[in-house]
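One-based numbering along the sequence shown.
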Amino acid sequence: MTIRKVPSAIPYDSNIYLVSGDHPIIVDTGSGEDSDNVIRSIRRMTDRCPSSIVLTHCHYDHCGGLKDMVDAFGCPAYAGALDVAAISSADPMLTVSSLFGATMHPVDVNPLKEGDTIGTGDHTFRV
């Protein structure tokens, strides 16, 4: 298994990671302010289309780029059950996008709960 940090030119973007495997996983999407470059980097890092996006939490610098990533890769997104409503509605207070002077786009997100698993084809991660 390889976990690679995906570069972003935006200094306040969260760390974005690509987890390798037959079904690669993207962990966090950054703010979305540098999505074009982030998406190009992911495409250079793997010849496989990411199978899912996992968000660590609902803050804008971690999930603001979600719509761009879902549009680019066509994969489902997942987040902890308590963060799903904030991300799915793009609530500016809960996602803190208002602190960045930005607007998020609502995106459907699937809830994760303790004990759920997500696989790369090579490895399985347990929530």
Report the distance from atom NZ of K5 to atom CG of L18, rounding to the nearest 0.5 Å.
-> 13.0 Å

Do the side chain of D28 and the main chain of G30 share a donor and acceptor less than 3.5 angstrom apart?
-> no

For A72 and I39, work out which heavy atoms get closest and say how close.
-> CB-CD1, 3.6 Å

Give the minimum heavy-atom separation between G32 and D13, together with the two atoms involved.
-> N-OD1, 4.4 Å

Approximate separation, where rounding is to 0.5 Å, of I16 CD1 and I26 CD1 | 9.0 Å

First locate atom NE2 of H62, then atom OG1 of T95, and finally report the distance between them rounded to the nearest 0.5 Å.
-> 12.0 Å

Which atom names give the shortest non-hydrogen contact between Y17 and V6, and what distance separates them?
-> C-CG2, 4.1 Å

Would you say S98's side chain and P92's backbone share a donor-acceptor pair under 3.5 angstrom?
-> yes

Donor + acceptor pair across side chains of S14, D61 (<3.5 Å) | no

What about I42 and V19, same hydrophobic cluster or not, with Ile/Leu/Val/Met/Phe/Trp/Tyr joined at side-chain heavy-atom distances under 4.5 Å?
-> no

Between T120 (side chain) and G21 (backbone), is there a donor-acceptor pair under 3.5 Å?
-> no

At what distance, to the nearest 0.5 angstrom, does CG of D71 lie from NE2 of H105?
-> 9.0 Å

Say you draw a straight line from CZ of F73 to SG of C49; how long is it, rounded to the nearest 0.5 Å?
-> 6.5 Å

Give the cluster check for Y12 versus M104: same hydrophobic cluster or not, with ILVMFWY residues linked at side-chain heavy-atom distances below 4.5 Å.
-> yes

Give, for atom OG1 of T29 and atom CG of D68, the distance between the pair rounded to the nearest 0.5 Å.
-> 8.0 Å

Qualifying residue for side chain to side chain contact (heavy atoms under 4.5 Å, CB included) with Y78, from I25, D83, D116, N110 | N110

L82, CG: over 12 other non-hydrogen atoms inside 6.0 angstrom | no

Should the pair D22-R48 be classified as a salt bridge under the 4.0 Å nitrogen-to-oxygen rule?
-> yes

Looking at L66, L94, D108, which hits side chain to side chain contact (heavy atoms under 4.5 Å, CB included) with I87?
-> L66

Are I10 and Y60 in one and the same hydrophobic cluster, where Ile, Leu, Val, Met, Phe, Trp and Tyr link if side-chain heavy atoms are under 4.5 Å apart?
-> yes

Sub-3.5 Å donor-acceptor pair from the side chain of R126 to the main-chain atoms of G115, do we have one?
-> yes

In the single-linkage hydrophobic clustering (I, L, V, M, F, W, Y; side-chain heavy atoms under 4.5 Å), do V27 and M1 co-cluster?
-> yes

How close do P76 and S51 get, heavy atom to heavy atom, and via which atoms?
-> CD-O, 3.3 Å

Determine yes or no for a side-chain-to-main-chain donor-acceptor pair under 3.5 angstrom, with D34 supplying the side chain and A9 the backbone.
-> yes

With the 4.5 Å side-chain cut-off for hydrophobic clustering, are V96 and M93 part of the same group?
-> no

Would you call P106 and S89 a side-chain contact if the rule is heavy atoms closer than 4.5 Å?
-> no

Close side-chain approach of I118 to V54, heavy-atom, < 4.5 Å = yes

Over all heavy atoms of both residues, which pair between V70 and C75 is shortest? Give the atoms and the distance, please.
-> CG2-O, 3.7 Å

